[in-house]
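Report on the following structure.
Basis for what follows: all heavy atoms, side chains included, without hydrogens, waters or symmetry-related copies.
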Amino acid sequence: MHICIPVTEELQDTLGCRFVLYSVYLEGFLLCKVRYKDLHLWNEQIYRVFGNRLPKFPPKYYLAMTKAMTNERRLQLEQYLQQIVSDPVVTSSEIFMEYFKKLQMDTFNMPTVQLILRIYMPDGAAVELDVQTSDSAERVLEAALFKLGVSRELGEYFSLFITHKEAKGPFTVVKRIAGFELPFLTIWNLEDDQFQIEVRKWYMNPSNDAMLMGSTEAIDLLYLQAVQEFQMEWTRPTKDQQQKLQHCLKQQNKLKFLELMKTVEYYGYLHITSCTSDYPECDSEVTIWVGNNEMSCHFYSPGGHAENLRLSIKDLICWNVTLLPKKQEVMSPNHQHLELKFDYQQGSSLKCITIHTEQAFLLSSCLKKMLSERPVHRCKEELEIVDKATCKSNIRPEQNGVHAKKQALLKDKREYCVVDNISDLDL
């Protein structure tokens, strides 16, 4: 998850005292607005529960703040919240869930009321849930899977996503909804009927399909998503595979279809299109597949040159996402200008590529998910994951990213030790 605070407002309270209101964005979407003093009070409360597990809270200023001090506090709060949301023990706690529920409800001035929320499947069908506006994504997902007949034990393999489907245009997975987000508020704030909440599997290694084979209802969800990937041409079957898959679709043989899909190139990968890159030259088009411990990029330069770059996750040295809103433009998920920059090892040389895509945050989350799914063993190698935030220029473009720094691979044993260190670093 990627936190940034790109927008601040200087306001006055009812007593005429001036204060700064911080707009907190989660992966490019407005999560909440909060004052420093409210966060400070909450930090004192949560510290009694988690103690030194929490990051250091930004200190108070007892004198009037200058612009430099205000910006420093903004970056410190950004770092603090980034570390908080990166700790699953903290984010799953009641004190965290309740506070961030209140922040979201207060930000959008939303009362707690009962409503019917539609959760879609990959085939476009939907289940209707009787929920409250204040229900978290964790609770909504649990209710959706229950209604679909999927056991609670398998919930960790699925998640809720915001997707976008134009009437006669492409289908896009926009973002994963974090467990503490309020799905109704997320979709309501978009104000666009083409966005919807969809339940999809949430793992990057297709071999995890095997964990769901004992549940008929889970197989149904896997099948629907696999059919969608096949029909949207996110996968690249051979002619022979395509014929066999079409035959399975006609026969509605779900298990055989899934078995064949496992042999198809890019099955289970996230597919990202409509991207541009500075490689091999500026304004090159690029199509990306990410999954199964690799990222595959197909570049097409304006001069007609085509090049395929297939990188293992262990070849990636670091990556970061930059959010660049245009001047005089309101921050909105519909008008994001994002780039993902990554460094990778090719032989003995280090190379860097920048990709412009509105799915940059999702792509970064998938890369981090792949790292988290790798086996963790004790070894000499250390892999660091670093979430970074920086500020550049007078429009405050925010840089929020993940760095994975690695040392030499073991020659005789392919064992990796993942150490999750979250810090705020200026590039």
Side-chain angles (χ1 to χ4, degrees), residues 1-5 7 9 11 21-35 38-39 41-42 45-46 81 84-85 88 90-121 124-148 150 152 155-156 158-165 173-200 202 330-334 336 361-362 365:
M1 288 181 282
H2 307 270
I3 287 283
C4 66
I5 305 177
V7 179
E9 302 171 71
L11 304 172
L21 190 65
Y22 298 90
S23 295
V24 181
Y25 281 73
L26 179 64
E27 301 196 343
F29 287 67
L30 179 62
L31 178 68
C32 62
K33 295 183 179 183
V34 63
R35 293 180 62 175
D38 294 333
L39 272 179
L41 179 61
W42 176 71
Q45 296 170 352
I46 198 173
L81 290 173
I84 287 286
V85 303
V90 175
T91 55
S92 61
S93 67
E94 183 178 356
I95 189 172
F96 176 92
M97 296 287 284
E98 288 301 317
Y99 182 67
F100 272 81
K101 177 195 296 185
K102 183 179 185 303
L103 281 181
Q104 294 172 77
M105 296 292 283
D106 290 349
T107 295
F108 299 104
N109 195 27
M110 180 65 65
T112 298
V113 296
Q114 292 289 134
L115 54 86
I116 301 298
L117 185 64
R118 286 194 180 94
I119 305 298
Y120 289 84
M121 263 70 68
V127 293
E128 294 187 340
L129 303 179
D130 186 7
V131 300
Q132 293 185 331
T133 52
S134 58
D135 282 340
S136 68
E138 181 181 2
R139 185 169 181 176
V140 172
L141 175 64
E142 185 177 321
L145 293 179
F146 177 80
K147 196 156 190 177
L148 292 169
V150 179
R152 188 173 184 177
E156 65 180 288
F158 297 93
S159 189
L160 298 179
F161 292 82
I162 297 294
T163 61
H164 183 266
K165 179 69 172 74
V173 181
V174 179
K175 76 178 293 280
R176 174 180 173 262
I177 305 176
F180 59 85
E181 284 186 83
L182 309 184
F184 172 76
L185 285 184
T186 302
I187 200 73
W188 173 80
N189 193 40
L190 290 173
E191 299 179 346
D192 187 338
D193 292 340
Q194 294 179 337
F195 289 96
Q196 61 188 27
I197 302 173
E198 186 172 314
V199 59
R200 303 177 65 84
W202 178 229
V330 177
M331 285 281 297
S332 166
N334 298 335
Q336 291 184 3
F361 282 122
L362 180 62
S365 294

Assess whether side chain to side chain contact (heavy atoms under 4.5 Å, CB included) is satisfied between Tyr120 and Val199, documenting all intermediate values. CA-CA 6 Å; Tyr120 289 84; Val199 59; over 6 Å; no

Straight-line distance of Phe29 CZ to Ile162 CD1, nearest 0.5 Å: 6.5 Å

Can you name the ring-ring contact (aromatic ring centres under 6.0 Å, His included) partners of Phe161, sequence neighbours left out? Trp202

Within-4.5 Å side-chain heavy-atom neighbours: Val173 and Arg200: yes

Student check: side-chain heavy atoms of Met121 and Leu148 closer than 4.5 Å: yes

Heavy-atom count around Asp130 CG within 6.0 Å, excluding the residue itself: above 12? yes

Can you give me the closest heavy-atom contact between Leu362 and Val174, atom names plus distance? CB-O, 3.8 Å

Applying ring-ring contact (aromatic ring centres under 6.0 Å, His included), run through Phe195 and Trp188 and close with a yes or a no. CA-CA 10 Å; Phe195 289 96; Trp188 173 80; over 10 Å; no

dist Tyr99:OH -> Ser93:OG (nearest 0.5 Å) comes out at 13.0 Å

Closest non-hydrogen atoms of Phe96 and Val85, given as atom of the first, atom of the second and distance, are CZ-CG1, 4.3 Å

Looking at residues at least two apart in the chain, or sitting in another chain, which of them share a salt bridge (Lys or Arg N to Asp or Glu O under 4.0 Å) with Asp38? none

Looking at Arg118, I want to see if its CZ is surrounded by more than 12 non-hydrogen atoms of other residues, nucleotides or ligands under 6.0 Å. no

When rounded to the nearest 0.5 angstrom, what is the spacing between CD in Gln114 and CD in Gln132? 4.5 Å

Under a 4.5 Å cut-off applied to non-hydrogen side-chain atoms, are Met97 and Glu138 in contact? yes

How long is the span from the CD1 atom in Ile177 to the OG1 atom in Thr186, to the nearest 0.5 Å? 5.5 Å

List the steps and the verdict of side chain to side chain contact (heavy atoms under 4.5 Å, CB included) for Leu115 and Phe184. CA-CA 9 Å; Leu115 54 86; Phe184 172 76; 3.7 Å; yes

Could you measure the distance from the CG atom of Asp135 to the CG atom of Leu117? Nearest 0.5 Å is fine. 9.0 Å

For Ser159 and Arg176, which heavy atoms make the closest approach, and how far apart are they? OG-NE, 2.9 Å

Cation over ring face, Lys101 and Phe180, 6.0 Å, 45°: no

Is there side-chain contact between Thr133 and Phe108, with heavy atoms separated by less than 4.5 Å? no

If you round to the nearest 0.5 Å, how far is SG of Cys32 from CG of Leu26? 9.0 Å

Set out, in order, the CA-CA distance, both residues' side-chain angles and the distance that settles side chain to side chain contact (heavy atoms under 4.5 Å, CB included) for Met105 and Leu182, then state yes or no. CA-CA 9 Å; Met105 296 292 283; Leu182 309 184; 3.7 Å; yes

Closer than 3.5 angstrom, by distance alone: can the side chain of Lys175 be matched with the main-chain N or O of Glu27 as a donor-acceptor pair? no

Are the side chain of Gln104 and the backbone of Phe100 linked by a donor-acceptor contact shorter than 3.5 Å? yes

Walk me through whether Leu129 and Ile116 qualify under side chain to side chain contact (heavy atoms under 4.5 Å, CB included). CA-CA 5 Å; Leu129 303 179; Ile116 301 298; over 6 Å; no

Please find the pair of heavy atoms, one from Lys102 and one from Asp106, that lie closest to each other, and give the distance. NZ-OD2, 2.7 Å

Do the side chains of Leu39 and Tyr22 get nearer than 4.5 Å, heavy atoms only? no

Specify the closest pair of heavy atoms between Tyr25 and Leu30, including all atoms of both residues, with the distance to one decimal. CD2-N, 3.4 Å

Any residue meeting salt bridge (Lys or Arg N to Asp or Glu O under 4.0 Å) with Lys165, in chain and number order, not counting sequence neighbours: none

Any luck finding a side-chain donor-acceptor pair between Ser136 and Glu181 under 3.5 Å? no

Check this for me, if you would: do Glu9 and Lys33 make a salt bridge, where the nitrogen-to-carboxylate-oxygen distance has to be below 4.0 angstrom? yes

Please report the closest heavy-atom contact between Leu160 and Pro183, naming both atoms and the distance. CD1-CG, 4.2 Å

